[in-house]
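Quick note on labels: first sequence line is chain A, next is B, and so on, each numbered from 1.
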Protein chains: 2
Amino acid sequence: MFSKACEYAIRALLFIAQKTVDGSKIGIKEIAKGIDSPEHFIAKILQDLSRKGMVQSQKGPSGGFYLHQSSLNASLADVVRTIDGDSIFSGCALGLKQCSEVKPCPLHHEFKKIRENISHMLQTASLGEFSQQLEKSKLFLKR
Amino acid sequence: MFSKACEYAIRALLFIAQKTVDGSKIGIKEIAKGIDSPEHFIAKILQDLSRKGMVQSQKGPSGGFYLHQSSLNASLADVVRTIDGDSIFSGCALGLKQCSEVKPCPLHHEFKKIRENISHMLQTASLGEFSQQLEKSKLFLKR
DNA sequence: CAAATAAAAGAGTTCTTTGTCTTTTTTTCC
DNA sequence: GGAAAAAAAGACAAAGAACTCTTTTATTTG
């Protein structure tokens, strides 16, 4: 469904959101541990997201990652699109390049609904909205 | 969503179903052309499916691939499961191994519905049922 | 200003998927 | 039985994804 990089990215951003509600910052090592991901790999991914403004960071002692209000309001769809592109939102299930209403693959009409469901779900979910439930251990980001 | 191998497999099987309704057989070159896939790659995939009884084949002159009635009745879900395993039916969207009702990832509950939709669609679609529409050019398997 | 800290950057490595090429086996048909 | 046809098999090659390691840059703090 999503690439590994994208899975880690979502988990990391939700983790950062949860851990920095008080305005603090969190380091890459804690993030990697907190979501059970390879440290340098998630570091690369966050660097990329940082360059694109989807997460904020600060170097040096007491530095780390955090999220601006606008980043907290970003949708999961934004994250997915940034990392995996929009194949999941618009690609053909059978890999046809020109699959469309007028030239549909056998799964086109059925998959249209499914893609709409996925889009809607990712579009309406924000990075910030899971923090409380994560804090209460009603949701999990590792294992 | 699906691997390339799986995309080609579904397209190839639907193509074989369409082209052998009269009880004939069809060769690998025609299949590759018919679905616009790398010839040797789809050959490998069909060999694999053949070993597993999901498609029938015969060597030698006038040989080729065809489908038994039971293979025609197989569901797309069977094909997907054979090639990609059942990650799409049961895997966690965020890559957690132990994601479940009691230990859900943030997307678990929403994705459950989506996975059910996908499962239902693939389970109820058979290899044989698209032949007429393909023949009438209302559905397409290439480009 | 020096030392320490933490992210950024860069340069690989490894593994998996995708795709190619060649040889072998089986079958048909003359 | 020999030639031709077609799938099966095996060995590689290329590309991309996933992951690691080392060095650099920026920032803070004593």
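Nucleotides of DNA chain C nearest to A:Ser57 and B:Phe41 differ in position, and the one nearer the 5' end is that of A:Ser57. The residue among A:Pro38 and B:Leu46 whose nearest nucleotide of DNA chain D lies closer to the 5′ end is B:Leu46.
Put simply, the side chain of A:Leu141 reaches to within 4.5 Å of the side chain of B:Pro106, judged on heavy atoms.
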Under 3.5 Å, which protein N or O atoms sit close to an N or O of nucleotides 3-6 of chain C? Give each pair with its distance.
from: C:dT5; atom 1: O2; to: A:Pro61; atom 2: N; distance (Å): 3.4
from: C:dA6; atom 1: O4'; to: A:Gly60; atom 2: O; distance (Å): 3.2

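Note on B:Tyr8: every side-chain N or O is 4.0 Å or more away from OP1 and OP2 of C:dT18.
Side-chain atoms of A:Asp78 and A:Ser75 form a donor-acceptor pair, as typed in the model, at a separation below 3.5 Å. Side-chain contact of A:Ser50 with A:Gln56: a donor-acceptor pair under 3.5 Å is absent, judged by distance alone.
In this structure, the CD atom of B:Gln56 is 14 Å from the P atom of D:dA7, given to the nearest Å. Between B:Gln47 atom CD and C:dT26 atom C1' the separation is 13 Å, expressed in whole Å. Atom CD in B:Glu39 sits roughly 11 Å away from atom C1' in D:dA7 (whole-Å rounding). Between the CZ atom of A:Arg51 and the P atom of C:dA8 there is a distance of 8 Å, rounded to whole Å.
Residues B:Glu7 and B:Lys4 are paired through a salt bridge, judged by an N-O separation under 4.0 Å between the basic side chain and the carboxylate.
Not a single donor-acceptor pair, N or O on each side, falls under 3.5 Å between the base of C:dA8 and the side chain of A:Lys44.
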| request: Test B:Phe15 against B:Lys142 for side chain to side chain contact (heavy atoms under 4.5 Å, CB included), laying out the working first. | output: CA-CA 10 Å; B:Phe15 186 75; B:Lys142 62 192 289 193; over 6 Å; no

